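The next block holds one structure in the form of structure tokens; read it before the comments.
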Number of protein chains: 2
Amino acid sequence: MATIREVALAAGVSIATVSRVFNKNTPVNPDTAERVLQVAGRLDYWPNSAAQGLATRCTRTFGVMLPDLFGEFYSDVIRGIDQQARVHQYQILLSSSHSNSEDVLSASRAMLGRIDGLILMAPDESSHEIVERVRRRVPVVLLSPRTRVDDCHSVGIDNFCGAKEAVAHLVSLGHRQVAFITGPEGNVDAEERLRGFRQALTEAGRDTDEALVIPGDFHESAGFDACSTILEHSPRPTAVFAANDSMAIGLLAALQRRGCRVPEDIAVVGFDNVAIAGYLNPSLTTVNVDACGLGRQAVDLMLNAMEAKPGSDPVRQVIPAVLKVRRSCGAPSGADGESGAGSVLSMSPDFPRQEPKAANRGLTS
Amino acid sequence: MATIREVALAAGVSIATVSRVFNKNTPVNPDTAERVLQVAGRLDYWPNSAAQGLATRCTRTFGVMLPDLFGEFYSDVIRGIDQQARVHQYQILLSSSHSNSEDVLSASRAMLGRIDGLILMAPDESSHEIVERVRRRVPVVLLSPRTRVDDCHSVGIDNFCGAKEAVAHLVSLGHRQVAFITGPEGNVDAEERLRGFRQALTEAGRDTDEALVIPGDFHESAGFDACSTILEHSPRPTAVFAANDSMAIGLLAALQRRGCRVPEDIAVVGFDNVAIAGYLNPSLTTVNVDACGLGRQAVDLMLNAMEAKPGSDPVRQVIPAVLKVRRSCGAPSGADGESGAGSVLSMSPDFPRQEPKAANRGLTS
DNA sequence: TTGTATGCGTTATCAT
DNA sequence: ATGATAACGCATACAA
């Protein structure tokens, strides 16, 4: 296909002029410009953006590296990143399924020269040194950073507080035996949620019964499988907090098949506030996480970082995670409590997600 | 950071040698190789892949363009693409939210020179000519192609048959009044599902009551909102087929709040077989779509296309969509039918997804 | 306003 | 086995 050289030749000008016509940063004679555009159109000339990138050292592309792509959460994060990137005319070079830091390293290398910045969710703490090596070449924004790691820009969810709030709410409803279904081992978000769970119990003057901390992996089946453990434990827990909604949903299904009523016999709370949470029966009490906003914030942070002077301090942003009370935890008291199946009147969709708003309440520390 | 030149200088060799050491395609003296690697390591040299791409005209990257990123479907498609691409050491340059062909055009241009192939889900039929322009520069694989479009490689879901099968099943259960909740206007998959719906009714000797074709948009709320229309129609439909699971779930919620029992009072069938479908109450009868497999197939097709000679015929692949009968449509007869809430015994997880298998049954035409 | 020439960081084709 | 050197396609400083 036509290159800038062929266009120049056909238009009877130099390649510099053609370049100028397209980049409109230098004045160029309207007539010649017209002619160049004409020729370019006829030849269907498309500039080679790889070459542009090499020459300008600017690719208008962000690298995005995630450990996984399962579930709505990551999907929403990507959507947020893509949305905001799009606004600023950036593209996304995606790479996921990084189980270890080796993967992160090789993927980063493959991205070198093709991105202006990297938005990275590191798989484990060992990624630390690799992050350092990457940072020397390209700006990095960390997603769900580990606390100890680095002085790097980052955006995270306030998992700890969200979880604490959720469990505190259960406690306030009178629950003494609360079980927890964990996320995959090594997952930062999941670990913080567990920490929040413990903290809430501690603050309630109870200590955690370790037998009630049931290992999970964020998938529905883990929640489903956790059911037996929960019901067979003695004394039987009256509430369960799942580290994410998928597992909460799996658990709900299992409980219902056992003839266990939710929330009457056992209360269930999830985390994430996935799209369908409000449409379940019973509707799922959960902690709202604006995954899409997380992605958008990451991009904004990146853009700021890129135009900041190298020495400036790292910005650490935390997106609030707030409890969204619905029916699965048992209505606290008044509110619009009951309703549910049976009432013909309660047709209010119980809007399952509180949109964008929350995103910008991110706290900077 | 260090470039190949600096490594060459520090190692006392030419840049050509350094290049050879890294690409191991030309024999090089073990000693000098050793020395080069040493120096490269010390300088932490990473080859610039943009420059490599320019020189080799090979980027090991696939462009992926989707109209949207909402919901599990697209997310799974991306996951499939990423998975398979990863296997072959390719990366993904992602771009979504293309509502019209203008967007597709500009995004394609921005990708030129940075991808070896483009996996494209076109937003509308007007993209036809643009696809042609793109194809002249880079191999293209179409996702969910419109039938009329081009002689281009493509992978699609067999929406028509899947939908027909679903509705035929409802008809076989005795349902005469069946409603349909459509997908977003212009969406190929959604339109094919509608076509399958109509066809099934036609084959059953009934014609479609257009008032029962209710506009939707693939979101939960559309299903929720469709409830009124459905219940108020007379004669009242005894079954509803939603163009995707999200809407089916929204509908289930609305029906339950109205005190309408599913499947006793009204049967519901969805499309997609999302992860939670089997965990709902009642579990959702739906049409299984291997979105992840779709993505993988697209990559495989692309790889084949790239090593095929330019003149060869386009490959059109269709991934089967098969009905997955669960409880929401009413058990046909025997089977493990009833159970549901109440039975303590039925703890079989009702595996919600039939994994990979189906993907490779893709039919080539 | 326009053209010339150099550089971006590689790979690859020649020589040697 | 290794070293010059010409691409790759474009942007841009400098000259004119």
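Below, all heavy atoms of this structure are taken into account, side chains as well, without hydrogens, waters or symmetry copies. Since the structure is predicted, the reported quantities are computational estimates derived from the model, not experimental observations.
Distances from the side chain of Ala55(B) to the nucleotides dT11(C), dT12(D), dC10(D) place dT11(C) closest. Checking dG3(D), dA12(C), dG3(C) against the side-chain heavy atoms of Thr56(B) singles out dA12(C) as nearest.
In this structure, Ser49(B) reaches neither bases nor backbone, as no heavy-atom distance under 4.0 Å exists between it and the strands shown. Among the atoms of the strands shown, base atoms are found under 4.0 Å from some heavy atom of Arg5(A).
Taking atom CG of residue Asn48(B) and atom C1' of nucleotide dG9(C), one finds them 6 Å apart after rounding to whole Å. In this structure, Glu6(B) places its CD atom 13 Å from C1' of dC8(C), rounding to the nearest Å. A straight line from CG of Asn25(A) to C1' of dC10(D) spans 13 Å, rounded to a whole angstrom. Between Arg57(B) atom CZ and dA12(C) atom P the separation is 12 Å, expressed in whole Å. As a whole-Å value, the separation of Asn29(A) CG from dT1(C) P is 7 Å.
A donor and an acceptor atom sit less than 3.5 Å apart, one in the side chain of Arg20(A) and one in the base of dG3(C).
When only modelled atom types and interatomic distance are considered, Thr61(B) and Arg114(A) share a side-chain donor-acceptor pair under 3.5 Å. Remark: the Asp124(B) side chain and the Ser127(B) side chain contain an N/O donor-acceptor pair separated by less than 3.5 Å.
The two atoms that bring Tyr74(A) and Asp68(A) nearest to each other are CG-O, 3.6 Å, heavy atoms only.
Between Arg35(A) and Ile15(A), the residue anchored nearer the 5' end of DNA chain C, judged by the nucleotide with its closest heavy atom, is Arg35(A).
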